[in-house]
**Student:** 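Here it is, the structure in full.
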Amino acid sequence: MPGGVDALTGVASGADWLARYDGALMGVFGTPQRVLVRGSGCTVEDADGNQYLDLLGGIAVNALGHAHPFVTSVIASQLATLGHISNFFTSPTQVALAEKLLELSGAPAGSRVFFSNSGAEALEAAVKLARRNSTPGRSRILALDGAFHGRTMGALALTSKKAYREPFEPLPGGVEHLPFGDLDALHAAMDGSVAALVVEPIQGEAGVRPLSPEYLRAARDLTREHGALLILDEVQTGVARTGRWFAHQWVDGVVPDAMTLAKGLGGGFPVGALITFGEDTSTLITAGQHGTTFGGNPVAAAAGLATLHTLESSGALQHVAGLGAYLREHLTAVQGVTAVRGSGLLIGFDLDGAYAPAAVQAALSAGFIINATGPGTIRLAPPLILTQEQAATFLDALPAILTTARTSATEATA
Ligand SMILES: *Cc1c(COP(=O)(O)O)cnc(C)c1O
């Protein structure tokens, strides 16, 4: 298009766009930090021409960074060939992506995929799957304190944060939250009335909190013993984020009954999925019991295929594991950092005070995008193509960022 998208929007400064944002967008996100206009690789640029190293990757979404040439060309050519068809029809890209996901997840014969457009929608499908595991008297769904599973009503029922839940009650019933990582509580809660246990292998929104391998193994054993489904929410941890295709693959012997994906799957294009493992679980939801208009459309599926192909052919798993270890090791040595958690390129670190939001602002001023998951916790979820040189520029800048943040947070409360 002549003039590109600017011809549709016009051109304005960041401050002007933000003023117009406040007048036009529902205020659920607060005021955006910056107005971004373009990106390339691990860098984005704002409306005023400032550049940032993106260490959040659209919240663990931009697995291959911004404007990846191969992903972009596959999406564009699929869109120019066949864009949307509805699920009255299928397409080669939809079938091929489902097959690829089954292969990478090591799912046994009889496993199946349902495509959605987002993480929350993948969780909605998972909740419906749990409801269908409903022999008489079986209706409870267990989730964990600190869990984040999305904002739609079913997903929200699984999410634990009161501030997200309470304004929208009553939520779908039957969900109980157990203390995080507490094996005794899990043992006590499990019996034949549990339809499903839903957990994130690493809680992302809660500040990158991993479940121990022992907990995941016990979750697998107990759900199997009592006929409940083990549903792993890998929306944030899946698609090579932790240095394995899916985070649960770090733990021997833990194969879920179902797994939700989204975020990184489309390399920035909205794609979500529910994978059901084995014939019995895969046939719980039958024809006509669930559906979607956009889910699994040819373009979204092409984005997923291009993303997985690129990650696989570039040796991303090894790179992610190695660079993650490098970052965690060096973060531990930074003054003011009191704890470092995570796996691969999903990293959380705690600060020696409640100045994480100020650190996000100071990082932006220094040219880095990072994220605060709480008052004293920072999360990094950069593109998986981040280089060690790029990571090092952040590590070099971090001490000064934290000093600035500590000072401005103290001034703000003074
Ligand atoms: C982001 C996230 C979701 C929700 O995904 P949306 O695409 O925002 O609906 C669900 N579960 C986990 C673990 C997530 O990180």
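In what follows, every heavy atom counts, from backbone to side chain, and hydrogens, waters and symmetry copies are set aside. Order of appearance sets the numbers: ligands from 1, and atoms from 1 within every ligand.
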**Student:** Given side chains that start at C-beta, do those of Thr377 and Leu351 come closer than 4.5 Å, heavy atoms only?
**Tutor:**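 Counting from C-beta outward, Thr377 and Leu351 never come under 4.5 Å.
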**Student:** Under the ring pair (Phe, Tyr, Trp, His ring centres under 6.0 Å) test, which residues partner His330, sequence neighbours left out?
**Tutor:**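 Result, ring pair (Phe, Tyr, Trp, His ring centres under 6.0 Å) vs His330: Tyr326.
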**Student:** Mind telling me whether Phe394 and Phe349 have parallel, tilted or perpendicular rings, with 30° and 60° as the class edges?
**Tutor:**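 Rings of Phe349 and Phe394: tilted, as their planes differ by 30° to 60°.
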**Student:** Check Gly304 against Leu97 and note the closest heavy-atom contact, atom names and distance.
**Tutor:**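 It is C-CD1, 3.7 Å.
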**Student:** With side chain to side chain donor-acceptor pair (under 3.5 Å) as the test, pick out the partner of Asp191 among Arg138, Arg140, His226.
**Tutor:**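 With Asp191 as partner, side chain to side chain donor-acceptor pair (under 3.5 Å) holds for just one option, Arg140.
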**Student:** From Ser105 OG over to Ile275 CD1, what is the distance, rounded to the nearest 0.5 angstrom?
**Tutor:**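 Rounded to the nearest 0.5 Å, the OG-CD1 separation comes out at 4.5 Å.
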**Student:** Compile the protein residues with any heavy atom at a distance under 4.0 Å from an atom of ligand 1; present them by chain, then by number.
**Tutor:**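 For ligand 1, the residues that come within the 4.0 Å heavy-atom cutoff are Ser118, Gly119, Ala120, Phe148, His149, Gly150, Glu200, Asp233, Val235, Gln236, Lys263.
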